[in-house]
Protein chains: 2
Amino acid sequence: MRVRGAPLIGATGAYGMALAMREDASDPGLDRACALLSATRPTAVNLQHALRRMSARLLPLPPPARADAAWREAAAYAEEDVELNRALGKHGAALLHRLHGETGRRLEVMTHCNAGWLATVDCGTALAPVYLAHDAGLPVHVWVSETRPRNQGLLTAWELRQHGIEHTVIVDNAAGHLLARGCVDLVIVGADRVSAHGDVCNKIGTYLKALAAGRHNVPFYAAVPGPTIDWELRDSSLIAIEERADDEVRRVAGWSMERRRAEVALLDAASAVFNPGFDVTPAQLVTGLITERGLCAASEVGLATLYPERRMA
Amino acid sequence: MRVRGAPLIGATGAYGMALAMREDASDPGLDRACALLSATRPTAVNLQHALRRMSARLLPLPPPARADAAWREAAAYAEEDVELNRALGKHGAALLHRLHGETGRRLEVMTHCNAGWLATVDCGTALAPVYLAHDAGLPVHVWVSETRPRNQGLLTAWELRQHGIEHTVIVDNAAGHLLARGCVDLVIVGADRVSAHGDVCNKIGTYLKALAAGRHNVPFYAAVPGPTIDWELRDSSLIAIEERADDEVRRVAGWSMERRRAEVALLDAASAVFNPGFDVTPAQLVTGLITERGLCAASEVGLATLYPERRMA
């Protein structure tokens, strides 16, 4: 969790391969590095995508050439993430401008977890449209969901503060009430993996927001750069949902009165804990996907309009 | 929050009136006490119910007789809550036995917040059926939702531990994933106020669980003693939803490494917080109400079958 956010996990995996090639660039060394990095996080597909790309680039080369090539390929991967962020953000910002045009008042966006600067190489996925729209003068306010157990919503609040964007933090439980009371114009979340049919696997709790948004006809979008789409995945129930340490639920980290990092225990070992890291929102609850190539329906057909080369594959 | 749980708030309000009558049993004193206690919590209707009952009992009496009468009336109110808990628990336990009969395996119950011993005068509302069924030998396991921001789920975990009932704590965000994956046979929650049409106002986050339960055809019940029904309330959007202090979201209390009570700050004052205490689950998402008189549909007609005297009113 030093590195989090699917796109950043991908880029870090690529650089991890580059570091490993400095130590041992042999074929077994390459395989070992790939397996080691691959096992760190099971859910975000970006990591597998980055590692496959690095292997495909490096394996045909003689081992002595691999270290330099790996470094260049990782840098190219990171640079592409910057481009993906910006292109996706531009398409998403156009959506925000359109929705604002319909109401004429401050746009109310709800998000979940953190899919901003801190989760990607550049300006984010779900937050990129908000940043670009705000920079273009759109009045926008963000409802930031705390996102237990790791409270990544507080990272989002921190980012928005740095950017001077109005926002309000809520506990995850409050999302249904706000959606029911008409306080939200649209929900935008990131994604850790999107199936070929448009099902969205994202941080645990996303699904509950999608259910409430669907119930109250609030548009629900996932911001999804290409490397987050798992084209081979037809059945999203097969996604390995990372089960994380129970300590994340038992203990909460913050800062003490003296503003030093501190932790409190909420629950001792006498009660069991179950801590799944992600859930799956079925495509029919997703109004659309915001990608670097534009917006599309969350469906095989919708994705094929933007990625025709995949359709043929 | 020294006192929490709608039934316990009601009983404590009744005893509050009894204490006030010792100080000043005049008509203005009675009115003042009533107004003061009434303003402490806006959402749970049990408090208004208890105060109205105390006033109706005391106002016809001469002031010198009020102190003793108030004490007796408060004790009677508390005794009745014990009876309500037991009767409701019995009807709810019969439901659990029936559901267990259908599957033959350990019954998986999900609850939200705390509606057990710590929220009522006796064995609780939502948890009473679980206690009685467990005591009768039914194999049962409870999914306990943390219930941010006040983490009352940890009170539920503590209660279940005392009672030797298997349970697993989850963050609120995980409820949708568990319901989608078929891990839950039924959801039982308490209530702070139920409208004459069966809408259920309960701790914030209840609505999200109801949406997910509805989506996956998992029965969703509210355990509702008579005093929690607001017979005059036709439009549940009129319920005053308590907006609680933002500090509840900004700070988390637990215990330190030395097992002393400690607190950490998650968020400083630079970000706004919105902290509604309750939400409303519409009746059509509620499979049924468990009351002291039996089970009924969450509707005006359903309630009329159990409370015909109210229908005539």
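Lettering follows sequence order; numbering is per chain, from 1.
If you measure heavy-atom distances from A/Ala253 to chain B, the contacts under 4.5 Å come from the backbone alone. For a residue to count as touching a neighbouring chain, one of its non-hydrogen atoms must lie under 4.5 Å from one of that chain's; by this rule A/Ile165 does not touch chain B. For B/Arg259, the part lying near chain A is the side chain, with the backbone staying farther off; criterion is any non-hydrogen pair under 4.5 Å. Contact annotation for B/Glu248: neither backbone nor side-chain heavy atoms come within less than 4.5 Å of a heavy atom of chain A. For a residue to count as touching a neighbouring chain, one of its non-hydrogen atoms must lie under 4.5 Å from one of that chain's; by this rule B/Arg181 touches chain A with the side chain only. For a residue to count as touching a neighbouring chain, one of its non-hydrogen atoms must lie under 4.5 Å from one of that chain's; by this rule B/Leu178 touches chain A with the side chain only. For B/Trp143, the part lying near chain A is the side chain, with the backbone staying farther off; criterion is any non-hydrogen pair under 4.5 Å. For A/Ile241, the part lying under 4.5 angstrom from a heavy atom of chain B is the side chain only. Only the side chain of A/Asn151 comes within contact range of chain B, judged by heavy atoms closer than 4.5 Å. Interface remark: A/Glu146 contributes side-chain atoms only to the contact with chain B (heavy atom separation under 4.5 Å). In this structure, the portion of A/Arg251 lying under 4.5 Å from any heavy atom of chain B is its side chain and not its backbone. For B/Asp268, the parts lying near chain A are the backbone and the side chain together; criterion is any non-hydrogen pair under 4.5 Å.
Between B/Leu211 and A/Leu208, every side-chain heavy-atom pair lies at or beyond the 4.5 Å cut-off. Side-chain contact between A/Val273 and B/Ile170 is absent, with no heavy atoms from C-beta onward closer than 4.5 Å. You'll find the side chain of A/Arg148 stays beyond 4.5 Å of the side chain of B/Pro149, heavy atoms only. At least one side-chain heavy atom of B/Arg215 sits under 4.5 Å from a side-chain heavy atom of A/Leu285.
Across B/Ala180 and A/Tyr207, no two heavy atoms sit closer than the pair CB-CE2, 4.0 Å. Of all heavy-atom pairs spanning B/Ala157 and A/Leu267, the tightest one is CB-CD1, 4.3 Å.
Counting heavy-atom pairs closer than 4.5 Å to chain A, the top residue among B/Leu154, B/Val280, B/Leu266, B/Thr281 is B/Leu266. No other option in A/Gly214, A/Gly205, A/Ala262, A/Ala265 has as many heavy-atom pairs under 4.5 Å with chain B as A/Ala265. Listed options B/Val169, B/Thr206, B/Val144 were ranked by heavy-atom pairs under 4.5 angstrom with chain A; first place goes to B/Val169. Your options are A/His177, A/Lys203, A/Arg250, A/Lys209, and the one with the most heavy-atom pairs under 4.5 Å with chain B is A/His177.
To the nearest 0.5 Å, atoms CG (A/Asp246) and OG1 (B/Thr168) are separated by 10.5 Å. Distance NE2/B/His112 to CG/A/Asn173: 4.5 Å, rounded to 0.5 Å. Atom CG of B/Leu160 is separated from atom OG of A/Ser271 by 8.0 Å, given to the nearest 0.5 angstrom. Separation of atoms CG (A/Asp172) and OG1 (B/Thr147) is listed at 12.0 Å; rounding is to 0.5 Å. Note that CD of A/Glu263 is 11.0 Å distant from OG of B/Ser256, once rounded to the nearest 0.5 Å.
Residue-environment remark: CE (A/Met257) stays at or below the threshold of 12 foreign heavy atoms within 6.0 Å.
Two rings, from B/His167 and A/Phe274, have their centers 6.0 Å or more apart.
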